[in-house]
Amino acid sequence: KDEAQLALIKDMEEMLDFWRGVTDVATPVDVRVPFHSLQSVKRHLESLELEYLVMIQDLQVMLDEEKLEMESAARVAEPRNTESFDFSRYHTISEIYSFQDMLVAENPNLVSKIVIGQSYQGRPLNVLKFSTGGTNRPAIWIDTGIHSREWVTQASGTWFAKKIASDYGRDSALTAILDKMDIFVEIVTNPDGFYFTHNSNRMWRKTRKPNPGSSCVGVDPNRNWDAGFGGAGASGNPCSETYRGEKAHSEPEVKSIVDFVKSHGNFKAFVSIHSYSQMLLYPYGYTTTPVKDQAEGSCAITDLASLYGTRYRYGSIINTIYQASGGTIDWTYNQGIKYSYTFELRDTGRYGFILPANQIIPTAQETWLALMAIMDHTFKNPY
Amino acid sequence: MIWTVSTFCSHLFCYINATLTGGAFPFLRSFTPVVFSSIVVLQPPAMSPSIIIVLAVLTGVTGSPSVATSPAAVDATAHPNSVVEETEIFGWQVSVEKEAEEDAMATGELNPNHYPAQRAAKVVQHYLNVQYGSPFRLFGLHKVHSGNAEDVADSGRKYQLEISVQEIINNTTEKCSAELLFGRAGEQRSSQVQVSCEELLKTSTDAQEDALFRKYQMNQSLLSAENLPDSYGHMEPDHQPLWHLGIVASSSVMLKESTENTLYNMAQVANIIQLASDNKQVKFDCHVLLHEMVSQEIIHWKLLFTWSPPDGVKVLQMEKLPHCHDCKVPPNTN
């Protein structure tokens, strides 16, 4: 009715959940009243001669109905093609595996799926091969999700796969690369762990292989490679998150990549993607012995920052983050794959592993710029 | 008989490796005394009969310059500058199962990009959140500009840092100078921190804090929430202040637990429950998951804390929960 009434209602804003707050005399306000306060609120409004109308009798009923609706919508709306795949959400392993098959079906002349092995629990280890032909062309490898809790990486890997398929023939730099080189992308590098993060423990990192004589499960797949294996920078305790395993390449998830890379014999760049910390890292992790060949990385992080201003640090693993033995890119570098890099994606600790889904696409987009810088450099500097 | 040295372990021994195999010494970094107790397992090269010698390596290694080299040709006759008293282990394959309490740490001017300065700076972040954090004020480390570390006799190691911090909620950044002292390994002393920033508290959060405080005080039913954020990084907007309170309370734990060999972030508030309390503050019980970067472990803590705008967050009790290997965090463990 008047300003005085407005003030009275404003007083109530601190005590009740207002969905639409006080503005002016002509505009209504909406307030959610918990059941136990309902009678006293009504009496209070009446005593102040404030007119009210009940718009929703029981909010919980509406919420329950909405929930049911959303659940059935989710079941029905499985994407029919990669165009309707929602890259801004986190997906389950079966959704990602379906995506892979769809991408291949939609791009039969560019994309194929290679199963390089099986996880401990028997899940296929799928690698997407992007190739315009040739035989055993020089190749680039990208893997995501080797540590299962690092969800932004599998989500980004999915985005990268779509990006490569979409940009071939449209983006000149990528087209030039694919006309001479192949790109391999393994999105779910640790599928058993990934399934476990969805169904049991969101913070699971390792594989899911039981350890004989221990109640603790799993090996850190990024300490299981044959580079400095057994040294400091990994644990010998099966209960540890950085347990190296009984021997190098004991984990099928690791051995499959090792075998694939060795038999291929023509990889020129190898990028293994992790989160979080916002870093681009080069070997070594197990020793302070420096490597050559890493100038192009600093350009990569400049490119990355150009999109959203995200700041990355650049350096060797052992200097920048910590000593780590048995790591992926130490092994690949020692195999002669000169351009071996590890990313640690967003963020720097505020959300950590549970990065909000609305950051997936920005993360993937900015990381893609860095990947392009690395791939482009590899392409232009054959060896 | 040519014995080669290959070492894959701490900086100390890697420098030995480098120097024994010859090569240039491009630059020197100063070397601090290493105090560590670890088991050193020595394995002779293949040609010798296999003898395993276990040394309990004790204290008091004298500092000497350390070097880093490029992978150069093996030259078994070169002798290291960085002599460690225990190394009558020339030519022996050394593998250290490292229970070292202190690595050979960089001293003097620090590379701001490398982990020693970064870990110290993170401790400053925790300190700022303990001192000034609230549901509407939270600090994150933005950048390390420069750093310096030195040993302080009998007390530990002192770091001086120039950093930028970000107040996350209002998205402001500013420069700070900090000094922190990490206590000697083995002592339960927390790191001591001093910070001065230009205008740290420039945006007033009083009105928001007072409003929230009143709302919490007047709750007819006590608040509770779990999984902040959830697996997908989401939470109800109403729960955000609870998440922030969890971060501030956790910062006390992270500050207390931090060493030069750790880097803590709070991974998740597993659950948080409001408890009845008097009018002067609101009280919460929470179960938080901390992520320790170096070990990559998720460490569970239970915290009892109060909050009020004038007094900030005060942690009354903190309890580390046992390591749970295959855990699924149960909801509302109270």
Side-chain angles (χ1 to χ4, degrees), chain A residues 13-15 17 34 36-37 89-90 147 149 151 197-198 200-205 215-218 220 227-233 235-236 239-242 276-277 286-292 311 313-315 318-323 325 348-359, chain B residues 7-11 13-15 17-18 26 68-71 95-98 100 103 111 113-115 118 122 125 138 140-143 168 211 214-215 218 220-221 227 229-234 238 247 261 263-268 289 291 293-298 323 325-329:
Chain A
E13 277 189 347
E14 281 153 21
M15 293 180 283
D17 180 15
H36 53 69
S37 315
R89 274 184 44 230
Y90 289 111
H147 286 143
R149 62 190 180 194
W151 278 17
T197 58
H198 275 275
S200 301
N201 181 353
R202 175 61 178 83
M203 296 293 172
W204 190 260
R205 165 185 170 91
S215 59
C216 294
V217 174
D220 184 342
F229 187 86
S235 171
C239 296
S240 163
E241 295 285 14
T242 56
Y276 60 92
S277 286
Y286 74 90
T287 173
T288 51
T289 305
V291 300
K292 315 176 197 77
R311 292 186 55 249
R313 285 157 50 210
Y314 180 59
I318 196 169
N319 283 331
T320 311
I321 188 169
Y322 42 52
Q323 182 173 32
S325 63
T348 55
R350 182 174 187 208
Y351 289 97
F353 300 119
I354 25 190
L355 195 71
N358 63 13
Q359 290 197 45
Chain B
T7 60
F8 309 111
C9 45
S10 69
H11 299 193
F13 289 92
C14 286
Y15 296 142
N17 172 45
T69 69
S70 48
S95 63
V96 178
E97 188 65 52
K98 209 172 55 132
D103 275 330
N111 184 323
N113 217 28
H114 290 178
Y115 68 73
Q118 292 283 331
K122 185 65 91 162
Q125 174 198 306
L138 275 181
L141 174 65
H142 180 71
K143 189 174 175 181
I168 295 170
R214 269 204 295 281
K215 183 170 156 200
M218 295 193 183
Q220 297 280 31
S221 55
N227 294 339
D230 68 13
S231 290
Y232 309 93
H234 297 145
D238 257 1
I247 295 173
N261 300 314
L263 191 127
Y264 278 97
N265 289 295
M266 187 188 84
Q268 190 184 47
L289 274 51
H291 174 232
M293 185 73 73
V294 180
S295 64
Q296 290 291 348
E297 297 292 334
I298 300 291
H323 180 227
H325 187 71
D326 251 344
C327 338
K328 192 178 175 174
V329 176

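Letters A, B, ... mirror the listed sequences (proteins, then strands); counts begin at 1.
- Residue contact with chain B, scored on non-hydrogen atoms closer than 4.5 Å, involves the side chain of Phe353(A) exclusively.
- The two residues Pro356(A) and Gly233(B) come nearest to each other via the heavy atoms CG-O, 3.6 Å.
- Neither the backbone nor the side chain of Thr197(A) comes within contact range of chain B; no heavy atom of the residue lies under 4.5 Å from a heavy atom of that chain.
- If you tally non-hydrogen atom pairs under 4.5 Å between each of Leu355(A), Asp220(A), Asp17(A), Asn358(A) and chain B, the highest count goes to Leu355(A).
- The closest side-chain heavy-atom distance from Arg149(A) to Ile298(B) is below 4.5 Å.
- The shortest distance between side-chain heavy atoms of Gln220(B) and Pro34(A) does not fall below 4.5 Å.
- At least one side-chain heavy atom of Arg311(A) sits under 4.5 Å from a side-chain heavy atom of His142(B).
- Here the OH atom belonging to Tyr322(A) is positioned 15.5 Å from the NE2 atom belonging to His114(B), to the nearest 0.5 angstrom.
- The CZ atom of Arg202(A) sits 8.5 Å away from the OH atom of Tyr232(B) when rounded to the nearest 0.5 Å.
- With Met15(A) as the partner, the side-chain contact (heavy atoms from CB on, under 4.5 Å) test is satisfied by one option alone out of Arg214(B), Met218(B), Lys215(B): Met218(B).
- Residues Thr348(A) and Asn265(B) come closest through the heavy atom pair O-OD1, 3.8 Å.
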* Between His291(B) and Glu241(A), is a side chain to side chain contact (heavy atoms under 4.5 Å, CB included) present by the stated rule, with each step listed? -> CA-CA 11 Å; His291(B) 174 232; Glu241(A) 295 285 14; over 6 Å; no
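- The main-chain N or O of Thr320(A) is never found under 3.5 Å from a side-chain atom of Asn113(B) such that the two would form a donor-acceptor pair.
- Within the 4.5 angstrom heavy-atom criterion, only backbone atoms of Ser295(B) (N, CA, C, O) approach chain A.
- Only the side chain of Gln118(B) comes within contact range of chain A, judged by heavy atoms closer than 4.5 Å.
- With a 4.5 angstrom heavy-atom cutoff, Lys143(B) touches chain A via backbone and side-chain atoms both.
- When heavy atoms are compared at a cutoff of 4.5 Å, Asp230(B) approaches chain A solely by way of its backbone atoms N, CA, C and O.
- Of the atoms belonging to Ile168(B), it is side-chain heavy atoms, and not backbone ones, that fall under 4.5 Å from chain A.
- Here the straight-line distance linking atom NE2 of His323(B) with atom OG of Ser240(A) works out to 8.0 Å at 0.5 Å rounding.
- Of the listed residues (Tyr90(A), Trp151(A), Tyr276(A)), the greatest number of heavy-atom pairs within a distance under 4.5 Å of chain B belongs to Tyr276(A).
- Both the backbone and the side chain of Arg313(A) have a heavy atom closer than 4.5 Å to some heavy atom of chain B.
- Across all their heavy atoms, His234(B) and Ala357(A) have their closest contact at NE2-N, 3.9 Å.
- Contacts between Met293(B) and chain A at a heavy-atom distance below 4.5 Å involve backbone atoms as well as side-chain atoms.
- The CG atom of Asn227(B) lies 8.0 Å from the CD1 atom of Ile354(A); values are rounded to the nearest 0.5 Å.
- Put simply, the side chain of Gln296(B) does not reach to within 4.5 Å of the side chain of His147(A), judged on heavy atoms.
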